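Because the structure is a prediction, the values reported are computed rather than measured.
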Amino acid sequence: MHTRSPNQSSGKRNHGLVSEEWIDITVPLSDGMVHWPGDPPVKVFRVRDMGKGDDFNMTALSMSVHTATHLDAPSHFTKLKTGIDKMPLSAVVGKARVIEIEDKDLITPEELRPYKLKKGERILFKTRNSKKKWDKKPFDENFVHLSTDAAKYLVERQVQTIGVDYLSIGGYEGNVSEVHHIILEARIWVIEGLDLSQVEPGNYELICLPIKIENCEGAPARALLRPV
């Protein structure tokens, strides 16, 4: 199993999936969008509106910081004091590899081993989650996520950052806590809620900058890829 080069043809027209330009892989924030069950609902609303006679427009947000495309800091599921404001920029700026996962249920070590992951890599996983525009749909309890063994394998390989194309690296009502503990205790930075639908597997430049919130365990982010 090998990653395809971003410039390698699959035999079909890619309709602009591959470009030398930056690809926005951010899921936008929107009023009422899907969120993790039990988290605060997402509210995006105008508190001042020129259309209603105000002198200016102003919008307010009410939501969890773990909404849409966002980062998890080690302090999210561990006693480590490292919050999002302590994140090294090297975790989210630099070369990254997009790996397409064929398993329909889990990301497993068996599927990862052929890629020979290296220490310090930034790895983004494209799964069947990317085939649907999930931000406007009800919460999917059966999204593809890391198996516990895969989380341990990523720690063993000492990757720096991982990214997934749904709201969590761990499964709903399953191994969500265990997987987060394993990954975050190892100080691996986590990007969740990516939109990889327009991205081919391969090598890229990554920029993913979270909002800098003091002493916070996570933050929404804007994420971009450019083929190498």
Shared ILVMFWY cluster between [X] and [Y], side chains joined below 4.5 angstrom?
{"X": "V42", "Y": "W134", "answer": "yes"}
{"X": "V164", "Y": "Y166", "answer": "no"}
{"X": "I107", "Y": "V190", "answer": "yes"}
{"X": "I213", "Y": "M63", "answer": "no"}
{"X": "L209", "Y": "W189", "answer": "yes"}

Minimum-distance pair of heavy atoms, taken over all atoms of [X] and [Y]:
{"X": "A223", "Y": "C208", "value": "CB-SG, 3.8 Å"}
{"X": "I169", "Y": "H145", "value": "O-CB, 3.5 Å"}
{"X": "A151", "Y": "I183", "value": "O-CD1, 3.7 Å"}
{"X": "V98", "Y": "K126", "value": "CG1-CB, 4.2 Å"}
{"X": "P201", "Y": "E100", "value": "CG-OE1, 3.7 Å"}
{"X": "T26", "Y": "A221", "value": "CG2-O, 3.4 Å"}

Would you give the length of the straight line joining atom [atom1] of [X] to atom [atom2] of [Y], rounded to the nearest 0.5 angstrom?
{"X": "L225", "Y": "D195", "atom1": "CG", "atom2": "CG", "result": "10.5 Å"}
{"X": "H70", "Y": "L194", "atom1": "NE2", "atom2": "CG", "result": "9.5 Å"}
{"X": "E111", "Y": "Y153", "atom1": "CD", "atom2": "OH", "result": "12.0 Å"}
{"X": "S90", "Y": "Q160", "atom1": "OG", "atom2": "CD", "result": "4.5 Å"}

Practice task
Would you sort out whether S30 and K136 count as a side-chain contact (heavy atoms from CB on, under 4.5 Å), showing the intermediate values?
Solution key: CA-CA 9 Å; S30 63; K136 301 292 187 181; 3.0 Å; yes
Report yes if some heavy atom in the side chain of [X] is under 4.5 Å from a heavy atom in the side chain of [Y]; otherwise report no.
{"X": "L124", "Y": "Y204", "value": "no"}
{"X": "L112", "Y": "I101", "value": "yes"}
{"X": "I162", "Y": "I191", "value": "no"}
{"X": "I99", "Y": "I123", "value": "yes"}
{"X": "E185", "Y": "L80", "value": "yes"}
{"X": "L146", "Y": "L154", "value": "yes"}
{"X": "I84", "Y": "V65", "value": "no"}
{"X": "K43", "Y": "L61", "value": "no"}

Are the side chain of [X] and the backbone of [Y] linked by a donor-acceptor contact shorter than 3.5 Å?
{"X": "R187", "Y": "T82", "result": "no"}
{"X": "H180", "Y": "V176", "result": "yes"}
{"X": "D135", "Y": "V27", "result": "no"}
{"X": "D31", "Y": "V44", "result": "yes"}
{"X": "Q158", "Y": "K119", "result": "no"}
{"X": "D103", "Y": "L106", "result": "yes"}
{"X": "R157", "Y": "L117", "result": "yes"}
{"X": "D85", "Y": "N215", "result": "yes"}
{"X": "S168", "Y": "G170", "result": "yes"}
{"X": "E121", "Y": "T161", "result": "no"}

Practice task
Return the orientation label for the H181 and F77 ring planes: parallel under 30°, perpendicular over 60°, tilted otherwise.
Solution key: perpendicular
Ignoring hydrogens and angles, state whether a donor on the side chain of [X] or [Y] is under 3.5 Å from an acceptor on the partner side chain.
{"X": "R222", "Y": "T69", "answer": "no"}
{"X": "T127", "Y": "D165", "answer": "yes"}
{"X": "D39", "Y": "H66", "answer": "no"}
{"X": "S147", "Y": "D149", "answer": "no"}

Exercise for the section: Assess whether ring-ring contact (aromatic ring centres under 6.0 Å, His included) is satisfied between W36 and Y172, documenting all intermediate values. Expected result: CA-CA 9 Å; W36 191 265; Y172 178 67; 5.6 Å; yes
Problem - Full working for side-chain contact (heavy atoms from CB on, under 4.5 Å) between E205 and K95 - result: CA-CA 5 Å; E205 293 177 69; K95 292 181 181 180; 5.5 Å; no
Handout entry: Test: R46 and D54 ion pair at under 4.0 Å
Key = no
Practice task
Would you mind checking if E21 and R226 are paired as a salt bridge, meaning a charged N to carboxylate O distance below 4.0 Å?
Solution key: no
Problem - side-chain contact (heavy atoms from CB on, under 4.5 Å) assessment of L196 paired with F125 - result: CA-CA 8 Å; L196 297 177; F125 297 111; 6.0 Å; no
Practice task
Could you please spell out the steps behind the side-chain contact (heavy atoms from CB on, under 4.5 Å) verdict for I23 and L224?
Solution key: CA-CA 5 Å; I23 305 167; L224 305 171; over 6 Å; no
Practice task
Output the rest of the hydrophobic cluster of F45: all Ile, Leu, Val, Met, Phe, Trp and Tyr residues reachable through side-chain heavy-atom contacts under 4.5 Å, sorted by chain and number.
Solution key: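 Members besides F45, by chain and number: V47, F56, M58.
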